[in-house]
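Notes for the one structure printed next.
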There are 2 protein chains.
Amino acid sequence: MENLEKPRGGRPRAFDPGRALDAAMHLFWEHGYEATSLAMLREAMGLTPPQIYNAFTDKETLFRKALARYHETEIGFALEAMSAPVSTREAIRRLLLGAAVAYSRPGKPGGCLFVSGALAASPQAQAIADELKAYRKASEAAIAERLAKGQAMGDLPEGVSVEGFAKYIAGVMNGMSIQARDGASVEELRILAQTALAALPDEGQKQGA
Amino acid sequence: MENLEKPRGGRPRAFDPGRALDAAMHLFWEHGYEATSLAMLREAMGLTPPQIYNAFTDKETLFRKALARYHETEIGFALEAMSAPVSTREAIRRLLLGAAVAYSRPGKPGGCLFVSGALAASPQAQAIADELKAYRKASEAAIAERLAKGQAMGDLPEGVSVEGFAKYIAGVMNGMSIQARDGASVEELRILAQTALAALPDEGQKQGA
DNA sequence: GATTCTCCATAGCGATCGATACGAAACCTG
DNA sequence: CAGGTTTCGTATCGATCGCTATGGAGAATC
């Protein structure tokens, strides 16, 4: 992968790159890529511009590293839900309820960085918008994969379209992200998730939240 | 309301404000409020900066007028669906299927301006983000009102939470807006809408699209 | 025709954008 | 210690941002 910490001499860093990246991630999460200025990043990261550029190359690279960190630290619920040894319906339930929690964590920006990061962008930032779109597409593909696995295991009726349903689930999660950004509480998002679950075929009865 | 066209003398305008506003609206729709620069607006509207500022005050006012125009010209399907003399389920069906069409019109930016316009914003543009949030909240409130009316008419079971369901429907529409932005076709959005409809109580059978 | 009003086009305003040049400082290896 | 290397802090860089000052042009009113 990458050369992790190999200084062959030279002045040591006076800051923690991990903490700095976290601060940048939260700022991008809150304001999006383009609306987050270097001045804001400077203050939130507690660094001078040369420190930022020496450690993270440029703003675009910093944002991509923030995306990767977000993917690793903030949305583990998704991978867990998709890989847990449970029924397909239960997997989707965990996915949506996990999103309800992750999108409305106190002290964190509402919604999902992959949605808020750059839904609309200037022509110069088109590459960033495309990168986020790729993340969203990958999420949808992961859902489709889980649904297909469910069909293969006889867990999900053969009649339903895996791609269509994955697009629905991914769409609901994106919608939850916006609702969270508009101030929806965990409970409200949970109710939304439960409602969305009712569209699933093979309707077993559900229990209280 | 406003003084509509009352020049008591003076040099006449050399451009059509309506067409200029349309061009601005589409640009904001595509790139969002902050990422749309005056240079882009100049080119798209075919105007010089003083022409823009004389006719529309400033960028923020121009954006608000673009929002109003969008509301009037692009999303009439919503009001139609909510006020049509049909069952509640049919009203919601028309709402979602109308969104599928409106969010993926050829030659138009994908999704809804109320979502793409400023989901994330810099602190300076917070007022704009709040305005868009207000539009989204109003849409949700309109849905809730329609659902409440359905309950009052015995059209919708008393048990379901009107607010919760409205949040679900609004959330699905927001999700459709993002899926449309990611390139979803009309058919794909229609399938998403049909899937979302299955979560509605009082499940009458549906017919082909 | 003189006055008055509004809009036109050119040019450029101060502020902020992302990104750097520069030289001193702090660590390693000899 | 000298030599090499990397990061440090300070002070900006050119480009672009939203916006406007200025003076002339074109229309209604008197």
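Nothing here was measured: the structure is a model prediction, and the numbers come from that model. Chain A is the first sequence line, chain B the second, and so forth, proteins listed ahead of strands; every chain is numbered from 1.
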- prompt: Out of B/W29, B/F28, B/Y70, which residue meets the ring-ring contact (aromatic ring centres under 6.0 Å, His included) rule with B/F63?
  reply: B/F28

Which whole-number value in Å describes the distance from [X] [atom1] to [N] [atom2]?
| X | N | atom1 | atom2 | value |
| --- | --- | --- | --- | --- |
| A/E34 | C/dT16 | CD | C1' | 15 Å |
| A/M40 | C/dC17 | CE | P | 9 Å |
| B/F28 | D/dG18 | CZ | P | 9 Å |
| A/L47 | D/dC8 | CG | P | 8 Å |
| A/E60 | C/dG18 | CD | P | 13 Å |
| A/N54 | C/dA26 | CG | P | 17 Å |
| B/L41 | D/dC17 | CG | P | 10 Å |
| B/F15 | C/dC8 | CZ | C1' | 10 Å |

Other residues, nucleotides, ligands: >12 heavy atoms within 6.0 Å of A/H26 NE2: yes

- prompt: Could you go step by step and tell me if A/R93 and A/E90 meet the salt bridge (Lys or Arg N to Asp or Glu O under 4.0 Å) rule?
  reply: CA-CA 5 Å; A/R93 198 186 72 91; A/E90 172 64 15; 3.0 Å; yes

Quick one: does [X]'s side chain have a donor or acceptor within less than 3.5 Å of a partner on [Y]'s backbone?
| X | Y | value |
| --- | --- | --- |
| A/S139 | A/Y135 | yes |
| A/Y168 | A/A196 | yes |
| A/R181 | B/L119 | yes |

Could you check which of [options] has an atom nearest any side-chain atom of [X]?
| X | options | result |
| --- | --- | --- |
| A/R13 | D/dC19, D/dC8, C/dG18 | D/dC8 |
| B/P50 | C/dC8, D/dT10, C/dT10 | C/dT10 |
| A/A39 | C/dA9, C/dG18, C/dC17 | C/dC17 |
| A/Y53 | C/dC8, C/dA19, D/dA27 | C/dA19 |
| B/L38 | D/dT6, D/dG18, C/dA9 | D/dG18 |
| B/A14 | D/dG9, C/dC8, D/dG18 | C/dC8 |

- prompt: B/Q51 side chain N/O closer than 4.0 Å to the phosphate oxygens (OP1, OP2) of C/dA9?
  reply: yes

- prompt: Any side-chain N or O of B/S37 under 4.0 Å from OP1/OP2 of D/dC17?
  reply: yes

So what does [X] touch, heavy atoms closer than 4.0 Å: a base, only the sugar-phosphate, or nothing?
| X | value |
| --- | --- |
| A/P49 | base |
| A/F56 | nothing |
| B/T36 | sugar-phosphate |

statement: Between B/Y33 and B/R11, the residue closer to the 5' end of DNA chain D by nearest nucleotide is B/Y33

message: Quick check: on DNA chain D, is the nucleotide nearest B/P12 upstream (toward 5') of the one nearest B/K59, or the reverse? Name the residue that is more 5'.
response: B/K59

